[in-house]
Amino acid sequence: MSADTTPTSPLDDAADETDATTATPGPIADAAAPPSPTHDDTQDDVQTEYAPPPADDGTAHSAPVAATAAVSSAASPVSAAAAPAEPTPPRTRGAAIVWGLLFAAIAAFGIWTLTDDDRREGTAGWITSLTPNTVFSLVLLTIGVLVLVGGAVGLIRHAQRRAAPQR
């Protein structure tokens, strides 16, 4: 029998240029290579450099699949008739709509204010004439608007949960 000199990896290309029986792999190839088979008298003193991969009889992969199939069939005794006829539609996110409308209104007011020179100068004059009591009142008003929006979002969420079908 002759030794097979077909390269099994790109690293073997350099070794194939020399004699296959005298080439020895480097330290990295030695660490990554599977152990070579032991000498057998029936092989006429020919040892291969790399051992063939072990045969896969399928037992390593079939046991978990079989166990999973057994568990899933026993855990879900629901028949096809008990399944809902059509899926439920996605829920409308009321909070996102309310907050989006609030931010859109703020952005629209800002754009409206900045697009005209007269409005821009009027706003700048108003901001520079604010007193500390007015600033405090505006902060309280802003907090009140945020609480109001939060309450509206809570009411919308409560109404959506009451209207949703029981699961």
Side-chain angles (χ1 to χ4, degrees), residues 6-16 25-35 50-167:
T6 305
T8 58
S9 73
L11 297 175
D12 290 338
D13 291 337
D16 284 342
I28 295 175
D30 285 340
Y50 296 100
D56 186 17
D57 60 354
T59 58
H61 300 291
S62 63
V65 172
T68 304
V71 169
S72 65
S73 65
S76 60
V78 177
S79 66
E86 55 186 73
T88 58
R91 189 176 72 166
T92 303
R93 303 290 179 168
I97 293 171
V98 171
W99 286 107
L101 288 173
L102 176 69
F103 291 140
I106 293 170
F109 178 74
I111 291 172
W112 178 78
T113 303
L114 295 174
T115 54
D116 187 28
D117 289 335
D118 292 336
R119 287 189 294 253
R120 198 174 359 186
E121 290 174 9
T123 304
W126 174 74
I127 290 174
T128 56
S129 67
L130 290 177
T131 63
N133 287 337
T134 309
V135 172
F136 181 71
S137 298
L138 289 173
V139 168
L140 285 179
L141 181 66
T142 303
I143 292 172
V145 168
L146 293 176
V147 168
L148 180 69
V149 170
V153 166
L155 288 173
I156 291 171
R157 173 178 280 161
H158 179 71
Q160 283 180 338
R161 286 190 178 171
R162 288 192 71 171
Q166 298 297 326
R167 297 180 200 190

For residues Gly94 and Ile156, report the shortest heavy-atom separation together with the two atoms involved. CA-CG2, 3.9 Å
Please identify each residue that fulfils salt bridge (Lys or Arg N to Asp or Glu O under 4.0 Å) with Asp118, with sequence neighbours left out. none
Any chance you could measure Leu130, atom CG, to Thr128, atom OG1, to the nearest 0.5 Å? 7.5 Å
Only residue of Leu141, Val139, Val145 satisfying side chain to side chain contact (heavy atoms under 4.5 Å, CB included) with Ile143 is Val139
Arg157 side chain vs Ala95 backbone, donor-acceptor pair below 3.5 Å: no
By the definition side chain to side chain contact (heavy atoms under 4.5 Å, CB included), identify the one residue from Ile106, Thr113, Ile111 that meets it with Phe109. Thr113
